[in-house]
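Just so it is clear: chains get the letters A, B, ... in the order the sequence lines come, proteins before strands, and each one is counted from 1. Note: hydrogens, waters and symmetry copies are ignored here, and every other heavy atom, side chains too, is used.
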Amino acid sequence: MNEEPDDFLRAVEAALFVAEQPLTPAELRLHVGEAGDLDAALATLADHYAGRGVNLVERGGRWHFQTAADLAHILRREKDETRKLSRAAMETLAIIAYHEPVSRAEIEAIRGVQVAKGTLDVLMEAGWVRPAGRREVPGRPLIYATTVEFLSHFGLSSRRDLPGIDDLRAAGLLDPVDLALEGLGAQSVVENDDEEA
Amino acid sequence: MNEEPDDFLRAVEAALFVAEQPLTPAELRLHVGEAGDLDAALATLADHYAGRGVNLVERGGRWHFQTAADLAHILRREKDETRKLSRAAMETLAIIAYHEPVSRAEIEAIRGVQVAKGTLDVLMEAGWVRPAGRREVPGRPLIYATTVEFLSHFGLSSRRDLPGIDDLRAAGLLDPVDLALEGLGAQSVVENDDEEA
Amino acid sequence: MDDLFIAPTPPRADVLTVSFESWEGPLDLLLALARTQKVDLREISILALVEQYLAYIEGARKLKLELAADYLVMAAWLAYLKSALLLPKEAQPEPSPEELALRLQLRLQRLHAMRESGARLMARDRIGRDVFVREKPEGLRLVRRARWDASLYDLIQAYGQIRARTQPVVHMVAVRPVMTLDEAIQRVGSLVGAALDWTALEAFLPEGRDGPMARSALASSFVAALELAKQGRVEIRQEGIFEPIFLRASLPEEQAERLL
């Protein structure tokens, strides 16, 4: 059954293998010449490759090789990369968590700094923040809230588990640590650390 | 004989088929997983494709599919016409391949002329030659060696496959002139090659 | 690629119009000349080769061809080698001309070997010329999935920092040990009515105070006394400078007249 393929068959096989595009029989003929039974060769090849990792298929009169559908998963390898959330993203997430649902403008008012476009995207991509409708005020801004994944990632059973302001103060987390560096700023500073996010 | 290939074999086949570059077994493993005898699968595949229009070959430890050489005439297109290397580039490439690693001065000693500015550049641009550190002699000259791409391009499994390399080595033709002279029993070698040039 | 297999056409003895640009230096020319002698470079006659080369250079000179200096240097060196080789053995200089000739031969062999190897390399089945790989492989994709590294501590710390940064700052002034003027007026005003006779200022001070509080109370009570005197509510008496100060409530006018 696995006979040595003849040269015509090999030529068809090679031509299909290197082709940039699926080929019609007429296009194949330009390579493999007029001699030889092209239909038979294609049928033989399709049969030969049927159970393999690569199949020869015909779509709309054009032939091409493609990987077997059940192997798609191996052609795409996922790799986890642990990355640190930027400070801007971390702060935005914290504000959403403590004040949800909040609009972007509200986040900016609390942070005292503009929220760059990518920041919310990163948080949504991480699966921690979701759009939660619109605020019924002029402009109907989108409002954001945290997700269930947010709770599970941070080990919270509910948002009520978040430490309150008094807890934060007691833990010294309200002490102005970096103020000297940051500038006492309620002035709008467009942050630029979002690219890291 | 033409048994149904198992899923591991099919996965290896598919991964090699879609890969943009020749793959090392380690790179393949990232896709096909740790289970399965990869060496055996590669050998089986290479064997399976041996007489076909497409062959599985190993070049410098990396595997890829390519069309059978005897089908070149049907697959070659005008645009495929490879840029012809100058004689200088060709000789320089041969010297690097057969003598590697080799410094520019050593290339010049063999060729009897300076290596023109563009020659090494052309070879490096083609991806066939790379700088391979420095020779620990006065002046610490850069030394050059060939690349894995060189092996794939010229269809060599390894440098041992360089045509005639064993004969050349046996004949002492890969030794420097000084060393050859010593071997021939010539006494007091004080000449410097360069004055002949 | 054909030119790789055949060395550039070797010059015929009678044709010297070959352009020197076709040679890659004197060694290249020598190799081409050597190959007109014999296929096996190990058996060429160096003396004959030298004569060939010199004749070639001489012919070029007759044609007034511009010759690169290295061809002339080689010619001079070969002329020297030739004369040394022709000397009787015992008169030969060091290093021996035989050795020099052997060196030249070895160099020609090596260049020849590399030239042939280069040609054989080029003649192999080359990707893109003889064998072909897929034009547009789909490629094995590596999907990088970001896993964000953030702990609850990071979260609450970030929130703490925002709050610390954006809370309006409230200045709380610590309570200091003072008796205000208002307090003193209140106190002195009420106490002075209770005493009918002259009473020392110190008697109006709150008891059990010392230190800054006592001094503040004394100063405030004195100023309160002056204020009350100005309002006509108390009278102040002092015998002399630094003497004790006495206060008493000022009597209503009719009462004062009766007492006088």
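Each of B:Pro163, B:Ala19, B:Ala97 has some count of heavy-atom pairs under 4.5 Å with chain C, and the biggest count is that of B:Pro163. For chain B, the option among C:Met114, C:Glu138, C:Glu98 with the highest count of heavy-atom pairs below 4.5 Å is C:Met114. Chain B forms the most heavy-atom pairs under 4.5 Å with one residue out of C:Leu30, C:Leu111, C:Val133, and that residue is C:Leu111.
B:Phe65 does not carry C:Arg134 over the face of its six-membered ring by the limits of under 6.0 Å from the centre and within 45° of the normal.
Other residues, nucleotides and ligands contribute at most 12 non-hydrogen atoms within 6.0 Å of the CZ atom of C:Arg61. Residue-environment remark: CD (B:Glu100) exceeds the threshold of 12 foreign heavy atoms within 6.0 Å. Other residues, nucleotides and ligands contribute at most 12 non-hydrogen atoms within 6.0 Å of the CD atom of C:Gln186. Surrounding CD of B:Glu58 are more than 12 heavy atoms belonging to other residues, nucleotides or ligands, all under 6.0 Å away.
Counting only heavy atoms from C-beta outward, the side chains of C:Asp125 and B:Gln66 never approach each other to under 4.5 Å. Proximity of C:Leu121 to B:Leu156: side-chain heavy atoms (C-beta onward) are separated by under 4.5 Å at one or more points. Between C:Arg115 and B:Arg87 there is a side-chain heavy-atom pair separated by less than 4.5 Å. At a threshold of 4.5 Å between non-hydrogen side-chain atoms, the residues B:Val113 and C:Leu27 do not count as touching. Side-chain contact between B:His64 and C:Ile127 is present, with heavy atoms from C-beta onward closer than 4.5 Å.
Contacts of B:His99 with chain C are made by side-chain atoms alone, with heavy-atom separations under 4.5 Å and no backbone atom involved. With a 4.5 angstrom heavy-atom cutoff, B:Ser152 touches chain C via backbone and side-chain atoms both. Contacts of B:Leu168 with chain C are made by side-chain atoms alone, with heavy-atom separations under 4.5 Å and no backbone atom involved. For B:Leu30, no part lies near chain C; criterion is any non-hydrogen pair under 4.5 Å. For B:Leu162, the part lying under 4.5 angstrom from a heavy atom of chain C is the side chain only. Using a 4.5 Å cut-off between heavy atoms, B:Ala68 touches chain C through its backbone atoms (N, CA, C, O) alone. Contacts of B:Pro176 with chain C are made by backbone atoms alone, with heavy-atom separations under 4.5 Å and no side-chain atom involved.
Of all non-hydrogen atoms in C:Arg124 and B:Phe154, the two that sit nearest each other are NE-O, 2.6 Å.
A salt bridge is absent between C:Asp28 and B:Arg111; no separation between the charged side-chain nitrogens and carboxylate oxygens falls under 4.0 Å. Classification of C:Arg110 and B:Asp175 as a salt-bridged pair fails, no side-chain N sitting under 4.0 Å from a carboxylate O.
In this structure, CZ on C:Arg129 lies 7.0 Å from NE2 on B:His153, to the nearest 0.5 angstrom. To the nearest 0.5 Å, the span separating CD on C:Glu135 from CG on B:Leu75 amounts to 10.5 Å. Here C:Ser117 contributes atom OG and B:Leu174 contributes atom CG; the two are 7.5 Å apart, rounded to the nearest 0.5 Å. In this structure, CG on B:Leu173 lies 6.0 Å from CD on C:Gln109, to the nearest 0.5 angstrom.
Looking at B:Thr67, its side chain does come within 3.5 Å of a backbone N or O of C:Phe132 through a donor-acceptor pair.
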